[in-house]
Amino acid sequence: MTSGLFWAGGRAEVSSTVIEVRNLCHTYMRGTPLARQALKHVTLSIAEGELVAIIGRTGSGKSTLVQHFNGLLRPDSGHVFVDGKDIWQKGVALRDIRRKVGLVFQYPEHQLFEESVASDIAFAPRNMGLSDNAVDDAVREAMRIVDLDYDEFAERSPFELSGGQKRRVAIAGVIAMRPKVLILDEPTAGMDPRGREDVLREIQALHDEHGYTVVLVSHSMEDVARFANRLVVMEDGRIAMDGRPRDVFQRRDELVEMGLGVPQITDLMAELARRGHNFPTDVITVDEASEALLPSLLAASGMAGESDSPCGGGGR
Amino acid sequence: MNFANAAVGQYMPGESLMHRLDPRTKMLVSLGIIIVLFVVSNPLAYALLAVPIVLAIAISGVPVKLVFRSLRPLTFIMVLTFVLHLFMDPGEALFSIGRITATDQGLRLGIVTVVRLTLLVLATSIVTMTTSPIAFTDGLERLLAPFARLGLPAHELAMMMTIALRFIPTLLEETDKIMKAQMARGADFESGNIAKRAKAMIPILVPLFVSAFRRADELAVAMEARCYRGGEGRTRLRELAFSGEDLAVLIVAGAYTVAVAVAL
Amino acid sequence: MKPVVHVENVSYAYDGGNQEQVEALLDVSLKIWPGEFVAVIGHNGSGKSTLAKHMNALLVPTRGNVYVFEMNTQDESWVWEIRQTVGMVFQNPDNQIVATTVEEDVAFGPENLGVEPGEIRRRVDEALALVDMTGYEKSAPHMLSGGQKQRVAIAGVIAMRPRCIVLDEPTAMLDPVGRTEVLRTVRRLASDEGISIVHITHFMNEAVYADRVIVMEEGRIALSGTPREVFSQPATLRKLDLDVPQVTELAGQLQAAGVALSRCPLTVEEMADDIGTLLGRGPCRSELHSH
């Protein structure tokens with residue numbers, strides 16, 4: 001599998017690189033019979049202001065990769081640069097790196113431990129040595145960003161909240177460090193459609209309104225297709241594809257082979273092409289598909305002269 | 001975090017006589033040897049008791065290096081007890097370092113203790129390394145069964161052991177994850193004095209307990225849904241079978257051990 | 001034909017703390033037929049898990065009755081019989097595997113039932129074959145993928161020879177590959193083995209393959225019918241914050257714009273077929289394509 005670095009847009013502009021990894025290798029349980037190489041010479045850079053999604057199936061190395069971004073894992077070989085600084089060089093304080101690169105783990109609500117929501121969110125800023133006032137400011141701001149009312153939730157126990165609220169508290173616990181980059185590992189895992197929608201909307205707001213550089217780790221194509229500017233596809237410890245969602249989804253068969261698939265709508269257009277119809281295939285949303293299909297289908301319908309709406313007329 | 005080294009004495013699948021033997025046979029024989037080890041204190045007796053242990057290791061086909069690796073975690077204790085005996089025991093002086101003196105009695109007792117511990121660890125390791133966790137708990141349950149009448153919950157103990165074995169890897173993984181998650185929030189587990197470090201463990205321990213309770217809860221429901229209602233009336237996929245081999249080994253090893261104990 | 005499970009006007013309330021009674025189910029009625037694949041969808045708190053737990057006497061109704069064949073779940077003397085007839089698979093694959101090897105775990109149910117060893121062996125082998133896990137007998141559960149663990153859990157239920165399996169969000173914690181594995185397995189159990197499946201899920205595209213879809217909201221059944229009947233009501237579904245498959249949404253938009261599609265497609269194949277039919281019927285196919 002060669003890495004396809006055909007994505008070029010954006011980086012040539014003024015935006016600067018925040019995270020860069022070069023030739024990264026990582027092996028778990030090194031020197032035991034269970035040794036498994038999780039990363040194989042990964043090179044990647046992420047520019048300020050990007051909303052990047054890293055996708056891949058379980059075990060493809062995506063979580064391992066992001067745990068290198070803030071120095072939680074140390075590479076066997078290769079380099080990690082944050083703001084141009086090699087984080088494993090002598091004299092670099094990892095705590096500063098972890099503050100700059102916030103990482104929200106999968107099922108982050110499992111890391112809650114404090115008696116109140118506010119003190120749990122305060123854990124990180126306090127570790128960063130902020131003054132009481134600054135900590136309080138950070139907590140209030142983080143709660144506002146994740147849409148948790150301070151007066152209602154601050155003093156409640158995190159353990160008595162609903163699943164979705166717990167997760168928001170946990171995300172706030174990382175945002176409260178005011179990181180430059182926010183990495184979220186499977187932020188919608190195990191949530192119902194309503195919760196998924198809320199969290200995805202918040203992530204988008206973090207990027208669009210609050211100016212975070214966001215790295216989203218996911219295995220759900222439909223989740224990321226909508227708003228990521230860039231998709232990085234990992235397979236077997238390597239970067240298999242890197243580009244705009246539209247371009248990546250063009251390689252449908254390879255993605256299916258990797259157990260990832262593409263949004264259903266992209267799949268439909270591919271299927272139509274396979275059946276010899278001449279429609280564009282670089283379609284990633286329902287609206288785009290509707291636009292692409294409508295003229296020919298309307299023309300054909302005119303001939304047929306039917307006008308049922310068995311799908312409930314679109315429900316609009 | 002690397003937990004690979006935690007797996008000391010871990011089961012090594014195989015087909016040897018040691019693997020084939022009923023777990024009860026292996027447990028009884030090694031228990032017998034261990035008891036005798038602590039009753040006698042004659043160097044010749046130790047040498048004789050080492051014979052069946054060495055034989056078992058040889059038959060098992062488990063790499064000798066791996067068996068001896070189980071001694072590693074005890075190295076410190078062995079060295080410490082040896083040194084303590086050497087210098088603290090009364091007896092005739094052998095040599096002195098400053099104000100402390102090594103004695104001949106101390107040397108003898110030191111060696112005895114180290115040999116005892118070594119044989120003890122080897123005897124138990126070779127049993128656990130050739131017995132699958134399931135066979136081990138089954139064997140334990142059966143051996144303890146006669147005491148059930150005295151109120152000892154043999155089945156429950158065995159079930160607890162099985163579940164513990166099943167969840168150790170899961171909980172280790174979880175600990176690792178929680179630690180990393182808190183480190184990502186700036187937690188520091190490595191610096192400061194003992195009190196500070198103990199306090200730093202709270203953000204790990206609380207989530208870990210919460211999660212363990214949640215798991216226990218869910219597991220209990222899942223077990224109930226699969227008709228678990230205690231040990232009564234329960235059958236097993238694999239019934240332990242006490243074979244001719246077992247009988248032979250038990251008689252020979254038993255007689256040998258008793259002979260050593262009586263003769264020396 | 002007798003239903004395997006008959007839920008009759010069931011309400012269930014529990015004490016939610018602060019002396020508040022939480023009504024988790026309100027007058028729910030439902031029959032599960034032999035070999036039927038029923039998907040239950042709904043949000044967290046819609047009552048779908050509570051409903052599931054009623055089907056094998058893990059919970060008993062506050063009002064109303066649940067029958068498993070002729071056995072009422074209120075009657076405690078039937079409880080083991082009921083749990084053997086209606087097996088259950090849970091969301092978290094890690095928290096339902098009891099034993100340290102795959103085969104021992106699959107054997108756990110039959111062992112509890114007092115089945116004799118030779119027969120347990122046969123059932124374990126058979127169950128593992130049915131979920132495509134033959135060859136993993138001696139594997140340790142923690143070394144398996146999520147999808148594999150869930151299939152082991154399903155095998156553990158199959159080995160008890162149930163007539164119905166209730167799966168409570170078995171795919172929620174899995175990646176797409178694991179989800180496909182589990183879904184393929186349960187579909188096969190319904191169609192080939194005649195085991196009724198109650199599949200509770202958040203994922204709409206899993207409900208597409210069911211014989212019947214039941215949508216739960218606030219403790220009630222909000223919608224029920226074949227997938228086509230349910231998904232052709234996008235307005236209702238949207239009101240419940242549930243989405244329809246993308247192709248169904250597309251078909252709805254096209255129909256609203258005047259495109260004549262004769263049915264409500266649920267899968268990529270169906271949609272491609274319908275478009276093909278429509279364009280095939282058009283007289284100027286090659287001309288249309290030149291646009």
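Just so it is clear, the model here is predicted, and its values are computed rather than measured. The sequence lines fix the lettering, A, B, ..., with proteins before strands; numbering per chain opens at 1.
- Applying the 6.0 Å contact sphere to CZ of C/R163 captures no more than 12 heavy atoms from other residues, nucleotides or ligands.
- Within 6.0 Å of atom CH2 in C/W78, 12 or fewer heavy atoms from other residues, nucleotides or ligands are found, so the atom counts as exposed in its surroundings.
- Heavy-atom neighbours of C/Y14 OH from other residues, nucleotides or ligands within 6.0 Å: at or below the threshold of 12.
- Separation of atoms CG (B/L171) and CG (C/D94) is listed at 9.5 Å; rounding is to 0.5 Å.
- Listed by sequence position, B/R215, B/E218, B/L219 are the residues of residues 206-220 of chain B in contact with chain C, using a 4.5 angstrom heavy-atom cutoff.
- Remark: C/T100 OG1 to B/F167 CZ distance equals 11.5 Å, nearest 0.5 Å.
- Your options are C/L58, C/V89, C/N95, C/N92, and the one with the most heavy-atom pairs under 4.5 Å with chain B is C/N95.
- Once rounded to the nearest 0.5 Å, the distance linking CG of B/L172 with NE2 of C/H142 reads 9.0 Å.
- Within residues 225-236 of chain B, the residues having any heavy atom under 4.5 Å from a heavy atom of chain C are, by residue number, B/A225, B/R226, B/C227, B/Y228, B/R229, B/G233, B/R234, B/T235, B/R236.
- Taking C/P110, C/A99, C/G87 one by one and counting their heavy-atom pairs under 4.5 Å with chain B, the maximum is reached by C/A99.
- Your options are C/V124, C/I97, C/N56, and the one with the most heavy-atom pairs under 4.5 Å with chain B is C/I97.
- Near-neighbour residues of residues 133-156 of chain B relative to chain C, defined by a heavy atom under 4.5 Å from a heavy atom of that chain, comprise B/P133, B/I134.
- The parts of C/F108 that come within reach of chain B are both its backbone and its side chain, each placing non-hydrogen atoms under 4.5 angstrom from that chain.
- The environment of C/Y136 atom OH is sparse: at most 12 non-hydrogen atoms of other residues, nucleotides or ligands sit within 6.0 angstrom.
- The number of heavy atoms from other shown groups lying within 6.0 Å of CD (C/Q21) is above 12.
- You'll find the side chain of C/R83 reaches within 4.5 Å of the side chain of B/E224, heavy atoms only.
- Contact tally against chain B (heavy-atom pairs below 4.5 Å) for C/Q91, C/R121, C/E104: the top residue is C/E104.
- The side-chain contact (heavy atoms from CB on, under 4.5 Å) test with B/L237 is passed by exactly one of C/V106, C/V115, C/I120: C/I120.
- Under the rule for a ring-ring contact (aromatic ring centres under 6.0 Å, His included), the partners of C/Y12 that lie at least two apart in sequence or sit in another chain are C/H54.
- Considering only heavy atoms from C-beta on, C/V98 comes within 4.5 Å of B/M223 through its side chain.
- Remark: B/E239 CD to C/E116 CD distance equals 9.0 Å, nearest 0.5 Å.
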